[in-house]
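What follows is a short report on a single structure.
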Amino acid sequence: MGRGRVQLRRIENKINRQVTFSKRRSGLLKKAHEISVLCDAEVALIVFSTKGKLFEYSTDSWERILERYERYSYAERQLLANDTETCVSTTTKLVLEYTLLLLICRHYNGQDLDSLSLRELQNLEQQLDSALKHIRSRKVSMVQW
């Protein structure tokens, strides 16, 4: 029969807390050693007690493991930053493109024309004439069927 579930909350009794810390620290260090041996993993474990005492375990030199960790976390932070910048710039571009297309549609419908210059109005008129010719030719070809 197994043990009951332990409720995870701070142990109020100082002596019980110290005993539990000592036992669990030993178990944690043992598990770190086991995973390093069984799985050939590089493990570095640091534990500070409430009184500031250091307990540690490492399969290799601390410097080498920490250097590897720093390289990995730096690369990961760079990727995250690049992804965020790419996402923001893509979103900004899409919003701008959507706004521009919405404005062009409004112009095609004859709305918001006050901001356009004479040259822009002439270009809009040519585009509408061209579209109208295309629509009429399509209509004629469908009637002939």
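FYI, the numbering just counts along the sequence from 1. Everything numeric in this text was worked out from a predicted model, so none of it was measured.
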Connecting only ILVMFWY residues whose side-chain heavy atoms lie within less than 4.5 Å of each other, what is the rest of V37's hydrophobic cluster? none
Calculate, to the nearest 0.5 Å, the distance between atoms CG and OG belonging to L103 and S115 respectively. 6.0 Å
For a 4.5 angstrom cut-off between non-hydrogen side-chain atoms, does R17 reach R10? yes
According to side-chain contact (heavy atoms from CB on, under 4.5 Å), who are the partners of L118, at least two apart in sequence or on a separate chain? Q122
Could you state the interatomic distance from CG (L38) to NZ (K31), rounded to the nearest 0.5 Å? 9.5 Å
Please list, chain by chain and in numerical order, all residues satisfying side-chain contact (heavy atoms from CB on, under 4.5 Å) with R24, sequence neighbours excluded. V6, T20
Sorted by chain and number, sequence neighbours left out, side-chain contact (heavy atoms from CB on, under 4.5 Å) with T50 holds for none
Would a distance-only check, ignoring hydrogens and angles, find a side-chain to backbone donor-acceptor pair under 3.5 Å from S36 to H33? yes
Connecting only ILVMFWY residues whose side-chain heavy atoms lie within less than 4.5 Å of each other, what is the rest of L29's hydrophobic cluster? F21, L28, I35, V43, L45, V47, F55, Y57
If I compare all heavy atoms of S117 with all of E120, which pair ends up nearest, and what's the gap? N-OE1, 2.8 Å
Per the salt bridge (charged side-chain N to carboxylate O under 4.0 Å, His left out) rule, what does the pair list look like for residues 100-109, sequence neighbours excluded? R106-D112
For Y108, all residues meeting side chain to side chain donor-acceptor pair (under 3.5 Å), sequence neighbours excluded: Q127
Among all residues two or more places apart in sequence or in another chain, which pass the salt bridge (charged side-chain N to carboxylate O under 4.0 Å, His left out) test with R136? none
With L100 via side-chain contact (heavy atoms from CB on, under 4.5 Å) - residues at least two apart: I104
Distance-only, no hydrogens or angles: does the N13 side chain make a donor-acceptor pair with backbone N or O of I15 under 3.5 Å? yes
Could you list who else is in I65's hydrophobic cluster, with ILVMFWY side chains joined at under 4.5 Å, directly or through other members? none
Exam field: side chain S26 to backbone S22, donor-acceptor pair closer than 3.5 Å: yes
Could I get the full list of salt bridge (charged side-chain N to carboxylate O under 4.0 Å, His left out) partners for E63, not counting sequence neighbours? none
dist Q18:CD -> I11:CD1 (nearest 0.5 Å) comes out at 10.5 Å
Listing request: all salt bridge (charged side-chain N to carboxylate O under 4.0 Å, His left out) pairs with a residue in residues 38-54, at least two apart in sequence or in separate chains. E42-R64, E42-R68
Between F48 and G52, which heavy-atom pair has the shortest distance, and what is it? CD2-O, 3.8 Å
